[in-house]
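Basis for what follows: all heavy atoms, side chains included, without hydrogens, waters or symmetry-related copies. In what follows, chains are A, B, ... by sequence order, proteins preceding strands, each numbered from 1.
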Protein chains: 2
Amino acid sequence: MDGNRPSDVLSPECPSRQVLRHLTSTWGVLVLIVLLKGEHRFSALKRRVGGVSERMLAQTLQQLEGDGMVLRVAHPVVPPHVVYSLTDLGQGAALRVQALVGWLESALDDRAIASGDGKIGRICQV
Amino acid sequence: MDGNRPSDVLSPECPSRQVLRHLTSTWGVLVLIVLLKGEHRFSALKRRVGGVSERMLAQTLQQLEGDGMVLRVAHPVVPPHVVYSLTDLGQGAALRVQALVGWLESALDDRAIASGDGKIGRICQV
DNA sequence: GTTTATACTTACAAAAATGTAGGTACTTCC
DNA sequence: GGAAGTACCTACATTTTTGTAAGTATAAAC
């Protein structure tokens, strides 16, 4: 009926802010862009996301799962076998996060090249 | 010559990660989307970004200025008159951040409506 | 029988983020 | 003369985040 927008991250009490914090958290961002490439097991995520501790990875995945961004499927076998993937909602988020990250990497590279700084190539090689 | 990408946020030592953290920090995100609407003075930003303290706002602006995202112009008058705006680089970042935030707000609203939860309208009204 | 592997959890410690309160330097308005 | 307004900074306390190390269950490999 009306055209107003209920969710507003500029408003401190709005729950959307919590979700935004999860999506844009240090590890949340990185987990999302890795999961965009396909489903991963816990240990595979840990290897891909450089520098993350098991504790932080578990916590980040639980937050994203709680927000409906990540799907966790556990196969009841020993040793445990758990697969993480993006939900439809999570894929929408991950695509936007990836757009920001991809743009940033390019923009920083362009700036490094423009300033003649040859160091970055040695620092960040995949 | 080669097609590799120097900057890589998945690599823990890459400086791009620091910049990304500034862009996706709690207050960084909100400052960027407010500045996307046009230049603002310090006190105007403080009013717009709900819940931010002067301390955090100043710190966030300094980080973004240091990364080349925000331009700070001070007029030497009393009382002080300082105007903040986005650089070209900052506008690129802000557009991507806004894309994520705008999508998120819509997505959460859709989900709230779909689940018949009428509370959000009362919580986040602008 | 000891090691290896998985996907975590928990307790504790250290580090980082954030809030609070106060101060500054003027000038203008009442 | 006292209060208000601007854009901060600084010290201090508190809160939150993050890291480290250890532990869990069990089967398969050695």
Side-chain angles (χ1 to χ4, degrees), chain A residues 9-13 15 17-32 34-35 38-67 70-85, chain B residues 9-13 15 17-32 34-35 38-67 70-85:
Chain A
V9 295
L10 292 177
S11 161
E13 313 85 2
R17 241 196 213 182
Q18 309 301 324
V19 180
L20 183 60
R21 289 197 61 171
H22 297 159
L23 294 180
T24 60
S25 70
T26 304
W27 305 119
V29 167
L30 302 180
V31 165
L32 288 174
V34 169
L35 286 182
E39 60 177 34
H40 283 71
R41 296 180 61 172
F42 186 88
S43 53
L45 280 170
K46 192 184 155 198
R47 256 173 270 127
R48 283 272 203 163
V49 179
V52 73
S53 66
E54 296 192 345
R55 190 186 180 285
M56 280 293 96
L57 182 56
Q59 194 176 108
T60 300
L61 286 168
Q62 283 165 8
Q63 287 174 344
L64 293 175
E65 193 193 354
D67 293 335
V70 161
L71 186 66
R72 177 184 184 270
V73 176
H75 299 102
V77 294
V78 168
H81 188 96
V82 181
V83 178
Y84 291 94
S85 58
Chain B
V9 295
L10 291 177
S11 160
E13 313 84 4
R17 246 198 209 179
Q18 308 301 323
V19 180
L20 182 61
R21 289 199 59 170
H22 296 160
L23 294 180
T24 59
S25 70
T26 303
W27 306 118
V29 166
L30 303 180
V31 165
L32 287 174
V34 169
L35 286 181
E39 60 177 35
H40 282 74
R41 295 180 62 172
F42 186 87
S43 53
L45 280 171
K46 191 184 155 195
R47 255 173 272 126
R48 285 274 202 160
V49 179
V52 72
S53 66
E54 296 192 345
R55 191 184 179 286
M56 280 292 96
L57 181 55
Q59 194 177 108
T60 301
L61 286 167
Q62 283 164 9
Q63 286 174 345
L64 293 176
E65 192 193 353
D67 292 335
V70 161
L71 186 67
R72 177 185 185 270
V73 176
H75 300 103
V77 293
V78 168
H81 188 95
V82 180
V83 178
Y84 291 94
S85 58

Can you check the A:Leu61 CG to C:dT9 C1' distance for me, whole Å?
-> 14 Å
For B:Thr26, answer base if it contacts any base atom (sugar-phosphate contacts may also be present), sugar-phosphate if it contacts only those atoms, and nothing otherwise; contact means non-hydrogen atoms under 4.0 Å.
-> sugar-phosphate
Nearest-nucleotide check on DNA chain D, A:Pro79 vs A:Gln59; residue mapping nearer the 5' end is A:Gln59
In whole Å, what is the span from the CD atom of B:Gln63 to the C1' atom of D:dC8?
-> 16 Å
B:Arg17 side-chain N/O to B:Val9 backbone N/O, donor-acceptor pair under 3.5 Å = yes
More 5' along DNA chain C: A:Arg21 or A:Ala58, using each one's nearest nucleotide?
-> A:Ala58
For B:Tyr84 and for A:Met56, find the nucleotide of DNA chain D with the closest heavy atom, then tell me which residue's nucleotide is more 5'.
-> B:Tyr84
D:dC9 phosphate, OP1 or OP2, under 4.0 Å from B:Gln62 side-chain N/O | yes
Ranking C:dC26, C:dC8, D:dC8 by distance to the side chain of B:Val78, first place goes to C:dC26
Side chain of A:Ser43 (C-beta onward), nearest among D:dC8, C:dA7, D:dT26 = C:dA7
Is any side-chain heavy atom of B:Val34 closer than 4.5 Å to a side-chain heavy atom of B:Val49?
-> yes
Do B:Tyr84 and B:Leu45 have side chains that get closer than 4.5 Å, going by heavy atoms?
-> yes
Report yes or no: do B:Thr60 and B:Gln62 form a side-chain donor-acceptor pair below 3.5 Å?
-> no
Any donor-acceptor pair under 3.5 Å linking the side chain of B:His81 with the backbone of B:Pro79?
-> no
To the nearest Å, how far apart are A:His75 NE2 and C:dC8 P?
-> 13 Å
For the pair made of CD in A:Glu54 and C1' in D:dT20, what is the distance, rounded to whole Å?
-> 11 Å
Interatomic distance, A:Lys46 NZ vs C:dT6 P [rounded to whole Å] | 9 Å
Taking only the side-chain heavy atoms of B:Arg41 (C-beta and beyond), determine which of D:dT6, C:dT6, D:dC8 contains the nearest atom.
-> D:dT6
Starting at CD of B:Glu65 and ending at P of D:dA7, how long is that distance when rounded to a whole Å?
-> 15 Å
Distance in angstrom units between B:His40 NE2 and D:dA7 P, rounded | 12 Å
In terms of side-chain heavy atoms of A:Trp27, which of D:dA27, D:dG19, C:dA7 is nearest?
-> D:dG19
Under-4.0 Å side-chain N/O to phosphate OP1/OP2 contact, A:Ser53 with D:dT18 | no
How long is the line joining CZ of A:Arg72 and C1' of C:dT6, in whole Å?
-> 12 Å
Looking across every strand, which nucleic acid part, if any, lies under 4.0 Å from B:Arg55 by heavy atom: base, sugar-phosphate, or nothing?
-> base
